[in-house]
Amino acid sequence: MSRQSTNASQDHSGAWVIQTWMSFILSVAVTSLGIYHLPVDGWQKAFLGMGLLFTVGSTFTLSKTVRDQHEQQRLTARIDEARVTKLLAEVDPVVLK
């Protein structure tokens, strides 16, 4: 019995990458333009601008954390699979041949 790894790495298409970057740039630009044209005092615009920057930074941090957790789970699953395979090989050496 042979075991094949089902670790299929799927790359993003160029169109997807362009779409995500363009939507990010457009959303930040339009929100910034909206804040700039608000009929409020400068300190209120500055507060909203700082909120926008904080939100963008938090979003990057969150997405990196989620990605890192996902990669760690994949690594842990591969290590567990290797341990099980080793235990099976020790019990029955015919399993891996």
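We count residues from 1, following the sequence as given.
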Cluster overlap [X] with [Y], hydrophobic side-chain contacts below 4.5 Å:
{"X": "M50", "Y": "W43", "result": "no"}
{"X": "W21", "Y": "L52", "result": "yes"}
{"X": "M22", "Y": "F24", "result": "no"}

Find the distance between [atom1] ([X]) and [atom2] ([Y]) and round it off to the nearest 0.5 Å.
{"X": "L53", "Y": "L48", "atom1": "CG", "atom2": "CG", "result": "11.0 Å"}
{"X": "K45", "Y": "S32", "atom1": "NZ", "atom2": "OG", "result": "12.5 Å"}
{"X": "F60", "Y": "T55", "atom1": "CZ", "atom2": "OG1", "result": "12.0 Å"}

Quiz item: Looking at side-chain heavy atoms only, is the closest gap between Q44 and L38 below 4.5 Å?
Solution: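 Result no, sub-4.5 Å side-chain heavy-atom pair not found.
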Quiz item: What residues form a side-chain contact (heavy atoms from CB on, under 4.5 Å) with H12, not counting sequence neighbours?
Solution: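 In terms of side-chain contact (heavy atoms from CB on, under 4.5 Å), with neighbours along the sequence ignored, H12 is linked to W16, V17.
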Quiz prompt | Note: D68-K64 ion pair, threshold 4.0 Å (strictly below) | solution =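 Yes, D68 and K64 are salt-bridged.
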Quiz item: Would a distance-only check, ignoring hydrogens and angles, find a side-chain to backbone donor-acceptor pair under 3.5 Å from S23 to T20?
Solution: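 A pair under 3.5 Å: yes.
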Quiz item: So with a 6.0 Å cut-off around CZ of R67, is the heavy-atom count from everything else above 12?
Solution: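 Yes, CZ of R67 has more than 12 neighbouring heavy atoms, counting only those of other groups under 6.0 Å.
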Practice problem: Identify which one of Q72, R78, R74 satisfies the side-chain hydrogen bond (donor to acceptor under 3.5 Å, both in side chains) criterion when paired with T76. | Solution: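 The passing option is Q72.
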Quiz item: Taking it one step at a time, do T65 and Q69 satisfy side chain to side chain donor-acceptor pair (under 3.5 Å)?
Solution: CA-CA 6 Å; T65 301; Q69 286 178 334; over 6 Å; no
